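Predicted model, so just to flag it, every value in this text is computed and none were measured. Chain A is the first sequence line, chain B the second, and so forth, proteins listed ahead of strands; every chain is numbered from 1. Hydrogens, waters and symmetry mates play no part in the numbers below; they use all other heavy atoms, side chains included.
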Amino acid sequence: MQEKDLIKNLKSLKQIEPKKEWVSLTKQEILGKEERIPVLTFIFNHKPAFASATLFSFMVVTLVLSYNALPGDTLFPVRKTTERVELMARLEKAQDLVIAQRRIEDLKRAQERAERNMEPVVAEVRTTISEIARVAKDPEATQQVIDMDREIKSLGVSYDSQEVEELYKREVEAELERLKETSLTEEQEEQLEKAIELQENQEYAEAYEIVLKIGY
Amino acid sequence: MSSLHQKFSKTYDKNLKGIYRFIYFKVNSEQIAEDLCSETFLRAWQAFNRDRNHFDREIENPRAFLYQIARNLVIDHYKQKDRTRTANIDDVVLTDQSPSPEERAAISSDADNVKLAMQDLKQEYQDLIIWRHIEGLSCKEIAKITNSSHGATRAKLHRALTALKEKVEEA
């Protein structure tokens with residue numbers, strides 16, 4: 001291919017554009033209520049009351065539809081943006097945990113639909129859980145992330161996240177140290193040996209389950 | 001609408017498609033491109049609200065400001081992707097390599113081959129080719145975004161195009 005043909009082909013790639021619907025909805029979500037879409041400009045200028053009602057209805061419909069959107073749906077980016085804006089506005093400390101819980105609910109809803117493409121749903125869950133696992137420092141947050149991971153696995157979804165693995169490792173190390181100093185029954189001692197073996201094989205999530213069974 | 005909104009609204013309208021394409025060519029997935037693109041504008045809007053004077057200075061060249069945010073988000077996206085791998089669902093391909101129906105209708109198969117070959121280039125070369133030959137930015141503006149000299153930018157651009165040509169011929 002000649003250089004001029006190469007450049008011509010590159011220029012033609014400019015024809016790739018985002019979906020118009022997504023462009024206007026994203027702008028609405030970012031700029032909020034004060035932003036107006038062009039088709040409504042005339043109405044806004046001439047019939048303020050009607051315009052307000054129209055805009056309100058439009059926003060309500062969009063938000064309601066996006067509220068039920070799942071990863072992979074056209075309106076899902078709108079829902080994600082809405083959640084971010086909403087939670088930032090509230091300055092909610094546990095916003096990431098709230099969002100992660102919502103992604104798990106999405107996963108459950110998606111599993112109920114037989115024809116649903118699970119790839120984007122699982123990818124969203126994995127990304128969100130990994131992100132909160134990365135920043136989880138205190139015991140409470142760590143426990144919440146582990147609980148979420150166990151809930152996801154109980155749904156039959158398995159995924160690998162180094163961040164979550166790191167939390168299990170931390171918890172297992174702490175628990176095993178504590179158990180080694182505790183009086184245990186013969187059966188519990190056997191379980192403890194098994195957990196230590198799993199820890200040595202770096203199977204921390206499995207070791208964690210056994211530590212839980214020991215019951216201390 | 002406040003002047004703040006008007007100003008940002010114009011910036012959005014003027015740059016949205018370019019930023020979307022810039023991200024799309026790097027991640028090769030409509031969904032991820034949409035997510036990262038909206039995040040780019042959301043962060044720019046937050047910066048705008050947080051410190052208007054600061055934003056005014058940065059927005060001396062709004063396009064450069066947005067491309068910098070987008071470039072960082074793409075880097076973060078790939079870092080995140082490297083960190084998180086699937087086990088049972090490890091065959092899940094997060095990027096959709098095939099063109100969408102709209103895209104198929106818009107571009108020729110040669111152009112599609114060029115797009116795919118571009119994926120094999122290093123990030124710096126991808127950036128330069130997208131900015132210069134797809135978005136039509138001047139070498140001067142690219143030099144500003146990359147914080148390098150005009151001459152160095154031209155030289156790198158030449159090397160990037162040569163590398164792309166080789167990749168297309170290899171394919």
Check your understanding: What do the steps show when you test A:Lys19 against B:Glu34 for side chain to side chain contact (heavy atoms under 4.5 Å, CB included), and what is the final call?
Key -> CA-CA 9 Å; A:Lys19 295 185 206 92; B:Glu34 285 176 356; 3.1 Å; yes
Practice item. Output, in order, the C-alpha distance, side-chain angles, deciding distance and verdict of side chain to side chain contact (heavy atoms under 4.5 Å, CB included) for B:Tyr20 and A:Thr26. Key: CA-CA 12 Å; B:Tyr20 171 85; A:Thr26 303; over 6 Å; no
Check your understanding: Could you go step by step and tell me if B:Trp45 and A:Leu31 meet the side chain to side chain contact (heavy atoms under 4.5 Å, CB included) rule?
Key -> CA-CA 8 Å; B:Trp45 176 233; A:Leu31 287 175; 3.8 Å; yes
Practice item. Assess whether salt bridge (charged side-chain N to carboxylate O under 4.0 Å, His left out) is satisfied between A:Lys27 and B:Asp13, documenting all intermediate values. Key: CA-CA 9 Å; A:Lys27 188 179 178 186; B:Asp13 293 341; 2.9 Å; yes
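Screening residues 145-164 of chain B for side-chain hydrogen bond (donor to acceptor under 3.5 Å, both in side chains) gives B:Glu124-B:Lys156, B:Thr146-B:Ser148, B:Ser148-B:Thr153 as the qualifying pairs, with residues at least two apart or on separate chains.
Put simply, the side chain of B:Tyr12 gets close to the backbone of A:Val23: a donor and an acceptor are under 3.5 Å apart. Checking side-chain atoms of B:Arg21 against main-chain N and O of A:Glu17 turns up no donor-acceptor pair under 3.5 Å.
Listed by chain and residue number, A:Lys169, A:Gln199 satisfy the side-chain contact (heavy atoms from CB on, under 4.5 Å) test with A:Glu173 (two or more places apart in sequence, or in another chain).
Side-chain contact between B:Leu161 and A:Ile7: present, with at least one pair of heavy atoms (C-beta onward) separated by less than 4.5 Å. Side-chain contact between A:Lys8 and B:His133: absent, with no pair of heavy atoms (C-beta onward) separated by less than 4.5 Å. Residues B:Tyr24 and A:Ile16 meet the side-chain proximity criterion, which asks for heavy atoms closer than 4.5 Å.
Interface remark: B:Glu39 contributes side-chain atoms only to the contact with chain A (heavy atom separation under 4.5 Å). Using a 4.5 Å cut-off between heavy atoms, B:Gln31 contacts chain A through its side chain alone, with no backbone atom that close. Heavy atoms closer than 4.5 Å to chain B are found nowhere in A:Glu166, neither backbone nor side chain. Contact annotation for B:Ile130: neither backbone nor side-chain heavy atoms come within less than 4.5 Å of a heavy atom of chain A.
Looking at every heavy atom in both residues, A:Leu6 comes nearest to B:Val114 through CD1-CG2, 3.9 Å. Taking both residues in full, the closest heavy atoms of A:Leu10 and B:Ile134 are given as O-CG1, 3.4 Å, listed atom of the first, atom of the second, then distance. Across all their heavy atoms, A:Ile30 and B:Ser38 have their closest contact at CD1-O, 3.7 Å. Nearest heavy atom pair, residue B:Ala111 against residue A:Asn9, reads N-OD1, 3.6 Å.
Residue-environment remark: NZ (B:Lys14) stays at or below the threshold of 12 foreign heavy atoms within 6.0 Å. The number of heavy-atom neighbours closer than 6.0 Å to NZ of A:Lys153, taken from other residues, nucleotides and ligands shown, is above 12.
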